[in-house]
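Values below: every heavy atom of this structure, side chains too, minus hydrogens, waters and symmetry copies. This one's a predicted model, so the numbers in the text were calculated from it and none came from an experiment.
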Amino acid sequence: MTVVKTSMRNFLAHKGRMALSAVAVLLSVAFVCGTLVFTDTMNTTFDKLFAATSADVTVSPKAAEDDDQGPRTGRPEALPASLVQQVTKADGVKSAEGAVVSMSVTVVNADNKRMGSESGAPTIAGNWTRNDLKSMDITSGHAPRGPTEVMVDADTVEKNGLKLGDELRTIAVTGDITARISGIASFKMTNPGATVVYFDTATAQSKLLGRSDAFTHVSVTAEEGVSDTALKQRLAGTLDGAAGGPYKLQTAKEAADSGREDVASFLAVMKYAMLGFAGIAFLVGIFLIVNTFSMLVTQRTREIGLMRAIGSSRAQVNRGVLVEALLLGVVGSILGVGAGVGLAVGLMQLMGTMDMELSTEDLTVAWTTPVIGLALGIVVTVVAAYVPARRAGKVSPMAALRDAGTPADGRAGWIRAGIGLVLTAAGGALLYLTTQADEASGGSLFLAGGVLLTLLGFIVIGPLLAGGVVRVLGAVLLRMFGPVGRMAERNALRNPRRTGATGAALMIGLALVACLSVVGSSMVASATQELDKSVGADFIIESGPSGPIVPAAEKALRAAPHIEHVTGYKMIKAELTSPDGKKETEELAAADPTYAQDLRRETVAGELAAAYGKNAMSVGSDYAERHGIKAGDTMTVAFTGGETAKLKVAAITSDESNVDKGAMYTNITTARQYLPADRVPPNMIMFAKAEEGKEKAAYAGLKKALAKYPQFTVQDQTDFKQGLKDEIGQLLNIVYGLLALAIVVAVLGVVNTLALSVVERTREIGLMRAIGLSRRQLRRMIRLESVVIALFGALLGLGLGMGWGTAAQTLLALEGLGVLEIPWPTIITVFVGSAFVGLFAALIPAFRAGRMNVLNAIATE
């Protein structure tokens, strides 16, 4: 009890010195708890949505489970309309109704502006049914009554400023549907961001499915007292849907679980990625906590010596420091849990700006969230304080006779240096092995090990590196500031272990930034080089998230002026039987013969142009080698949903190229020969070649041709490269934003180190002020010390990160991305920015030092 009371007094007496460490714990715990609350809230939102929209039993085509060719046609798999009557007659069925749902649509207003989300949330079109009343209410107008009326969800109406009577055009593969808004329906629960439009049943069937005798599924309602499971079993017996029949039957729970699985992978990736960055923040926070307690122990050396002299044991002193760490962890973690809930709400608001709506009404704080946050915060804090606590326990009673604040360790020990060198050398060896790997999968293990060991090595060897690096930085940057610069250098060198730990905290975040910058820049440079080498087309027309390029848009493209040729490109699923008898389900790229000009592919056998001949195809060199295929061999190709064909292998393409690697080509005409017309998918992408010297006119013509279809984009090669660069840049910016948390914690570490260093050197500062050092010079000295520590961490981090990035790029080269590009502007900007970080971190400690009373400072014990 005495130890606890003493620890409480010490904690409260030094609460100001503990504040920044508590903030570091708070931020790290907040990020963990915020991530858990945010993802749990998303799960709750989708769970409610799926539960509300699921019928007691849903009957859908079983073929849709195994065949994605249907959705590629822009028409979902369908059931015969007669099935509704068959289901209605089954025992236990109260009612059954046919439903149509398609997500391969785009909705635009009268100004041709897209109404759907730009962030990936679907646009859904269908018919209004009784089952929809479970999840939606008609809050204005009425349900659609004919082909000229449409009902829209209230969220879409609000976002886009729509009203009753406004005209909307729904673009589908089967044609456009132009209708006026007759009604507005509001979700009874949170709509995560989908745009939903409803038509009458006849219009939905004819315009979305292209036939009036079909539905995408049947919603079945059970009679009173009949369970969903029992109804499913009865329907299975009637429809033969349970054992190999043509239909899939799902209860409401099974349908909800299926929907949940569809979003589970996305949520899991988001959750664990964010938790990974929280782990990095915790790692950086450990350095801050270690430094804080190390400096507090050093400053209280005399006090601890007196305690030992009057009878305190080593164990009691040790426990005393750990109890202080426990208090710090508890306070920081409790505040962090609360801040985490606030962070989750902030993330929900941020997602709202990206068209993904989440309501605070669904805010979910599971009991495990605060438990995990408290446990992590407390354990990490206590573990980080263990080494300083052991050091405190070793303080001798004789320390009471020495001056307080004398550094216990002027340089890193030889044992520590030896361990650091071994770890760094081992990590370097693994990174070298990464560059020598023949396969990316094997090399990635070497890379992971190399990154981990070199990071640990640099952390351990940091104090040894601090001496040399700080002296070099001092000679380059600090000597110009005269005596003040030299004093700043000596202060940074006074305790290399402290400087090394402070710099290492900043090093971790910047190493990851540098590594990702190198990888991102190399990917862009490699892809750009590959495009210049391989792509012969002048223009690339890409489909949007709402589905393939609709036939009307394709027709407009082919009619555009100043175009030499337009190439279609479709992906078709088929089962291939190679000459060795092995069967594999693959995708064939069915294209127009001009694709051989639009994408220059090297062949190892045969001529690529011949692959577009009658009943011919090509295969990739890896596939050919795996199955012993030679040019002239015959493949048995069973087109999914169509007939089986015998196709001659007219060419074998080299898989050295990264563009269309492994692709198997055949002529669109060949595919049409063996597939029913309604199973031939529209183009996923198209290419165009301009007439000689008329590139600008052709570009303008293609854009004009697609003016009515805003979901599709026309890009020349410059646009395509810029789009690729922007896409990778956006991904990197998200990662940098998450890494910013670790960098903020590292900055807090610099601030804390300087603040405690000022307290530790109070008497020294007073004496320097007494012999003529001005306040301005004192503040400059502290700022320069902070800058040199920040630059030390930046040099280590950027150098280490570029090494990781260079090794990682060699693995990318095995996948066809062979250009290494170091983004020097980014590296230099980060390095210079680190100096400003150092200046910012020194503002408060320098200000406090400048305000010290000289006489009181000299009198400090």
**Study point:** Distance-only side-chain donor-acceptor flag, Asn43 / Arg260, under 3.5 Å
**Key:**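 Note: Asn43 and Arg260 side chains miss the donor-acceptor criterion.
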Review point. CE of Met136 to CG of Asn191: how many Å apart, nearest 0.5 Å?
Key: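 Rounded to the nearest 0.5 Å, the CE-CG separation comes out at 7.0 Å.
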Check your understanding: Just by distance, with hydrogens left out, do Asp153 and Thr156 show a side-chain donor and acceptor under 3.5 Å apart?
Key ->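 There is such a pair between these side chains.
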Practice item. Report the C-alpha separation of Asn109 and Arg114 in whole Å, then their side-chain angles, then the decisive distance to 0.1 Å, and conclude whether the side chain to side chain donor-acceptor pair (under 3.5 Å) test is met. Key: CA-CA 7 Å; Asn109 63 10; Arg114 287 183 64 189; over 6 Å; no
Point to revise | Interatomic spacing from CD1 in Ile728 to CG in Leu516 - rounded to 0.5 Å | key: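 Atom-to-atom, Ile728:CD1 and Leu516:CG are 12.0 Å apart.
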**Study point:** Intermediate values then yes/no, side chain to side chain donor-acceptor pair (under 3.5 Å), Thr364 and Thr44
**Key:** CA-CA 7 Å; Thr364 304; Thr44 298; 2.7 Å; yes
Check your understanding: Hey, mind stepping through Thr139 and Ser186 against side chain to side chain donor-acceptor pair (under 3.5 Å) and telling me if it holds?
Key -> CA-CA 6 Å; Thr139 52; Ser186 299; 3.1 Å; yes
Point to revise | Check against side-chain contact (heavy atoms from CB on, under 4.5 Å), Met523 and Leu812 | key: CA-CA 8 Å; Met523 288 177 67; Leu812 294 177; 3.7 Å; yes
Check your understanding: For the atom pair CG (Asp257) and OG1 (Thr251), what is the distance rounded to the nearest 0.5 Å?
Key ->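 So the gap between those two atoms works out to 7.5 Å.
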Review point. Taking all atoms of both residues into account, what is the closest heavy-atom pair of Ala278 and Val32, and its distance?
Key: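 Looking at all heavy atoms of both residues, the closest pair is CB-CG2, 3.5 Å.
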Practice item. Identify the heavy atoms of Pro76 and Thr216 that sit nearest to each other, and give their distance. Key: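 Heavy-atom minimum between the residues: CG-CG2, 3.6 Å.
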Check your understanding: Counting N and O atoms only, with roles assigned by atom type, does the side chain of Asp111 sit under 3.5 Å from a partner on the main chain of Lys113, one being a donor and the other an acceptor?
Key ->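 No, because the side chain of Asp111 does not come within donor-acceptor range (under 3.5 Å) of the backbone of Lys113.
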Exercise for review: Check for a donor-acceptor pair, side chain of Lys134 on one end and backbone N or O of Ser54 on the other, with a separation under 3.5 Å.
Suggested key: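 At least one qualifying donor-acceptor pair exists.
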Check your understanding: Ser786 side chain to Gly838 main-chain N or O, any donor-acceptor pair under 3.5 Å?
Key ->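 Present.
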Review point. When you measure from the side chain of Thr528 to the backbone N and O of Val524, does any donor-acceptor pair fall under 3.5 Å?
Key: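 Between the backbone of Val524 and the side chain of Thr528 there is a qualifying donor-acceptor contact (under 3.5 Å).
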Check your understanding: Using a distance-only test with no angle check, is there a side-chain donor-acceptor pair under 3.5 angstrom linking Asp726 and Gln722?
Key ->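 Yes, side-chain donor-acceptor contact under 3.5 Å.
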Practice item. Identify the two heavy atoms, one from Val745 and one from Ala24, that lie closest to each other, and give their separation to 0.1 Å. Key: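 Answer, listing the atom of Val745 first, then Ala24: CG1-CB, 3.8 Å.
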Check your understanding: Taking atom types as modelled, is there a side-chain donor on Thr106 or Tyr709 under 3.5 Å from an acceptor on the other?
Key ->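 Result is no, nothing qualifies.
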Review point. Are a donor atom and an acceptor atom from the side chains of Thr129 and Asp132 found within less than 3.5 Å of each other?
Key: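 Side-chain D/A pair, Thr129 to Asp132: present.
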Review point. At what distance, to the nearest 0.5 angstrom, does CZ of Phe282 lie from CG of Leu741?
Key: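 Rounded to the nearest 0.5 Å, the CZ-CG separation comes out at 9.5 Å.
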